[in-house]
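Heads up: the structure comes next, in structure tokens.
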Amino acid sequence: MQQNQNDKLMEKLVSLCKRRGFIFQSSEIYGGINSCWDYGPLGVELKKNIKEFWWKHMVSWRDDVEGLDASILMHPRVWEASGHLDSFTDAMVDCKQCKLRFRADMVQGTRCPECGGELTEARQFNLMFKTHTGPVEEDASIVYLRPETAQGIYVNFLNVQKPSRQKIPFGIAQIGKAFRNEITPGNFIFRTREFEQMEMQYFVKPGEDEKWLEYWKNQRKSWYDLLGIRGEKRRFHQHSPKELAHYAKAAFDIEYEFPFGWQELEGIHNRTDFDLKRHNQFSGKDLSYFDEGTRERFIPFIIETSAGVDRTLLTCLVDGYTEEEVKDETRIVLKLAPHIAPIKVAVFPLVKRDGMPEMARNIQAALRPKMPVFYDESGAIGRRYRRQDEVGTPFCLTVDSQTLEDQTVTVRERNSMEQVRVNLDKLISYLENRLQIQISI
Ligand code: GAP
């Protein structure tokens, strides 16, 4: 019963995303391509707001983290050094009968979960996408689409540290696409083959790594608090020795309770000096750091925070989606935190006459330089409110006959549906306060 409702919730979300222009299946007119998704007008705004908020929290509001935008294609030796060529694999099994392929840890027993056919022995399957640079497809021209953004940071450690004159401890942050040829993608945008990551690598003195791991766990927890994701739906999961990635000494996932169960939202890892040591060794370039205070030279340890943009966006949608009964009708509300909502304010003339549309257009023009604002004059006012509730717009303003007399508008708040009249000359500051605009701009 509960499972049924959870499946329905995902179906409703996928349908809302399509209907209202958040997310569409990629290449839909050709029948779509498995696990690839396109972000439409509202999806792209929401995604941008999430990324900007991450960037503010992790880079702009701090002195000790610098930004980077490294290229997706890197020297193939990077992936030898990082261990991805050897170890970035999933064990998979094939069904001998229906030919479907599964991750070995996802099937129980030796029979195919789809048709009951016999399964092959498990084989290792590398998750990196391969391609070629230049006109000749030969082994020497093989390159990989990066499976994580982190390596672009490690190989640029000194390139960033020197001009920025950062001293350890300090971090480098990056947002960008990553690609993994996942055997079992699914659950909408939860696990896809092309996705975006928001990663930060914090370089610390060996011996201080455990302290900084705790520090970053707390920082990341507060980011999700500010993002408005319910605390009771989140938890930390500590990796057991068996779960630890090849590079990690300790790792915590921030997990969220999705309709399909508790799943990883972000990984926070103590990567030790593994990455820099390996790049040091494979490139032959000295990547050690000289501490002028203590006159010591060492390879820093790295604490990593690694979040998925698409997974965070899905979390915001799942966490915010609510259905309420109002006057015998179901009201769908996307309770997004105001500072990430794609549209901040919608402006409506009550009717399409008596100067109300002109007045509403003037208000829209005054708000536009400050916040994303949407104008709508079509349909009954109740329907216009519902349309905005469904996409998470925190405020709707209605211009009515009183507006023309006393220069006040009705401001309706999305969650409570409460309405207050606000004077036009106080409107911008009223909205900026209530929209947490200080963290959104
Ligand atoms: N650099 C470390 C690293 O990449 P990870 O746990 O493999 O660690 C970090 O990935 C985050 O990237 C995950 O917590 C998730 O949010 C996101 N992610 C990973 N694989 C993904 C996929 N196939 N689709 C969408 N997001 C993914």
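If you're wondering where the values come from, they're calculated on a predicted model, not measured in any experiment.
- Between Tyr154 and His279, the ring-plane angle classifies as tilted under the 30° and 60° cut-offs.
- At least one side-chain heavy atom of Arg146 sits under 4.5 Å from a side-chain heavy atom of Trp79.
- For the pair Lys12 and Tyr321, the cation does not sit on the ring face, since its NZ or CZ is not both under 6.0 Å from the ring centre and inside 45° of the axis.
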Original post:
So Gln219 and Thr305, side chain to side chain contact (heavy atoms under 4.5 Å, CB included) or not? Walk me through it.
Top reply: CA-CA 10 Å; Gln219 285 292 305; Thr305 71; over 6 Å; no

Subject >> Working for side chain to side chain contact (heavy atoms under 4.5 Å, CB included), residues Leu145 and Leu73 >> reply: CA-CA 6 Å; Leu145 302 188; Leu73 301 177; 3.6 Å; yes

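- Val318 is not listed as a side-chain neighbour of Phe260, based on a closest heavy-atom distance of 4.5 Å or more.
- For the pair Arg62 and Met200, the minimum side-chain heavy-atom distance is 4.5 Å or more.
- No more than 12 heavy atoms of other residues, nucleotides or ligands lie within 6.0 Å of CG in Asp63, so this atom counts as exposed by the packing criterion.
- Side-chain contact between Met58 and Arg220 is present, with at least one heavy-atom pair separated by less than 4.5 Å.
- Interatomic distance, CE of Met371 versus CZ of Phe395, reported as 9.5 Å (0.5 Å rounding).
- Salt-bridge formation is not detected for the pair Lys8/Glu11: no Lys NZ or Arg NE/NH1/NH2 atom is positioned less than 4.0 Å from an Asp or Glu carboxylate oxygen.
- Although no hydrogens or angles enter the test, the distance criterion places a donor-acceptor pair under 3.5 Å between the side chain of Asp209 and the main chain of Gly207.
- Note on residues 160-173: pairs passing side-chain hydrogen bond (donor to acceptor under 3.5 Å, both in side chains), not counting sequence neighbours, are Glu66-Gln166.
- Annotation: salt bridge (charged side-chain N to carboxylate O under 4.0 Å, His left out) contacts involving residues 226-235, sequence neighbours excluded, comprise Asp225-Arg234, Arg230-Asp319, Lys233-Glu257, Arg235-Glu255.
- For the residue pair Leu336 and Cys316, the shortest heavy atom distance occurs at CD2-O, 3.8 Å.
- The 12-atom threshold is not exceeded at NZ of Lys130, counting heavy atoms of other residues, nucleotides or ligands nearer than 6.0 Å.
- Remark: Arg311 is positioned above the aromatic ring of Phe190, its terminal NZ or CZ atom under 6.0 angstrom from the ring centre and at most 45 degrees off the axis.
- At least one donor-acceptor pair closer than 3.5 Å links the side chain of Arg384 to the backbone N or O of Asp376.
- Each side-chain hydrogen bond (donor to acceptor under 3.5 Å, both in side chains) pair with one or both residues in residues 295-304, not counting sequence neighbours, appears once here: Gln201-Glu304, Lys205-Glu296, His269-Glu304, Arg271-Glu304, Ser288-Arg297, Thr294-Glu296.
- Considering only residues two or more places apart in sequence or on other chains, Asp94 meets the side-chain contact (heavy atoms from CB on, under 4.5 Å) condition with Met92, Arg101, Thr120, Arg123.
- Side chains of Gln281 and Arg278: a donor-acceptor N/O pair is absent below 3.5 angstrom, by distance only.
- At a threshold of 4.5 Å between non-hydrogen side-chain atoms, the residues Leu317 and Leu46 count as touching.
- A search for ring pair (Phe, Tyr, Trp, His ring centres under 6.0 Å) contacts involving Tyr224 returns nothing, not counting sequence neighbours.
- Inter-residue side-chain proximity for Ile175 and Trp55 is flagged as met; some heavy-atom pair is nearer than 4.5 Å.
- Remark: Phe125 pairs with no residue by the ring pair (Phe, Tyr, Trp, His ring centres under 6.0 Å) rule, at least two apart or across chains.
- Residues satisfying the salt bridge (Lys or Arg N to Asp or Glu O under 4.0 Å) criterion with Arg103, sequence neighbours excluded, are Asp90, Asp105.
- Summarising the geometry of Ala337 relative to Leu226, their closest heavy-atom pair is CB-O, 4.5 Å, with the distance given to 0.1 Å.
- Residues forming a ring pair (Phe, Tyr, Trp, His ring centres under 6.0 Å) with Trp37 (at least two apart in sequence, or on another chain): Phe188.
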Anything under 3.5 Å between a donor and an acceptor, one on a side chain of residues 132-140, the other on a protein residue two or more places apart or in another chain? List them.
unit_1 : atom_1 : unit_2 : atom_2 : d
His132 : ND1    : Glu138 : O      : 3.3
His132 : ND1    : Ser141 : OG     : 2.9
Thr133 : OG1    : Ser141 : O      : 3.4

Side-chain donor-acceptor pairs of residues 22-31 under 3.5 Å, sequence neighbours excluded:
unit_1 : atom_1 : unit_2 : atom_2 : d
Glu28  : OE2    : Lys18  : NZ     : 3.3

**OP:** Walk me through it: do Asp286 and Leu158 pass the test side chain to side chain contact (heavy atoms under 4.5 Å, CB included)?
**Re:** CA-CA 10 Å; Asp286 182 10; Leu158 291 177; over 6 Å; no

**OP:** Could you please spell out the steps behind the side chain to side chain contact (heavy atoms under 4.5 Å, CB included) verdict for Phe102 and Cys112?
**Re:** CA-CA 9 Å; Phe102 304 92; Cys112 170; 3.8 Å; yes

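- Note: Arg387 CZ to Thr393 OG1 = 11.5 Å, rounded to the nearest 0.5 Å.
- For Asn6 (side chain) and Pro259 (main-chain N/O), a donor-acceptor pair under 3.5 Å exists by modelled atom type.
- Closest approach of Arg111 to Leu119, counting heavy atoms only: O-CD1, 3.4 Å.
- Annotation: side-chain contact (heavy atoms from CB on, under 4.5 Å) contacts of His246 (sequence neighbours excluded): Ser87, Phe274.
- Phe53 CZ to Trp223 CH2: the interatomic distance, rounded to the nearest 0.5 Å, is 6.5 Å.
- A donor-acceptor pair is defined here as one N or O able to donate and one able to accept, closer than 3.5 Å; such a pair exists between the side chain of Asp310 and the backbone of Glu196.
- Residues Asn49 and His339 have side chains not in contact (no heavy-atom distance under 4.5 Å, counting atoms from C-beta outward).
- Across Pro338 and Lys344, no two heavy atoms sit closer than the pair O-NZ, 3.1 Å.
- Distance alone, capped at 3.5 Å, places no donor-acceptor pair between the Glu266 side chain and the Ile254 backbone.
- Although no hydrogens or angles enter the test, the distance criterion places a donor-acceptor pair under 3.5 Å between the side chain of Glu243 and the main chain of Ser240.
- Distance check: Ile428 CD1 to Leu367 CG gives 5.5 Å after rounding to the nearest 0.5 Å.
- By the 6.0 Å and 45° rule, Arg412 stacks over the aromatic ring of Tyr385.
- Smallest separation of non-hydrogen atoms from Arg414 and Leu334: NH1-O, 3.3 Å.
- Taking Tyr256 as the reference, Phe258 meet the ring pair (Phe, Tyr, Trp, His ring centres under 6.0 Å) condition, with sequence neighbours excluded.
- Ile168 CD1 to Phe301 CZ: the interatomic distance, rounded to the nearest 0.5 Å, is 12.0 Å.
- The heavy-atom pair separating Leu68 from Gln174 by the smallest distance is O-CB, 3.4 Å.
- Judged by the 6.0 Å and 45° rule, Arg193 forms no cation-pi pair with Phe129.
- Under the 3.5 Å distance criterion, the side-chain polar atoms of Thr312 are matched with a main-chain donor or acceptor of Gly308.
- Note: Leu287 CG to Phe157 CZ = 7.5 Å, rounded to the nearest 0.5 Å.
- Residues Val65 and Ile172 fail the side-chain proximity criterion, which asks for heavy atoms closer than 4.5 Å.
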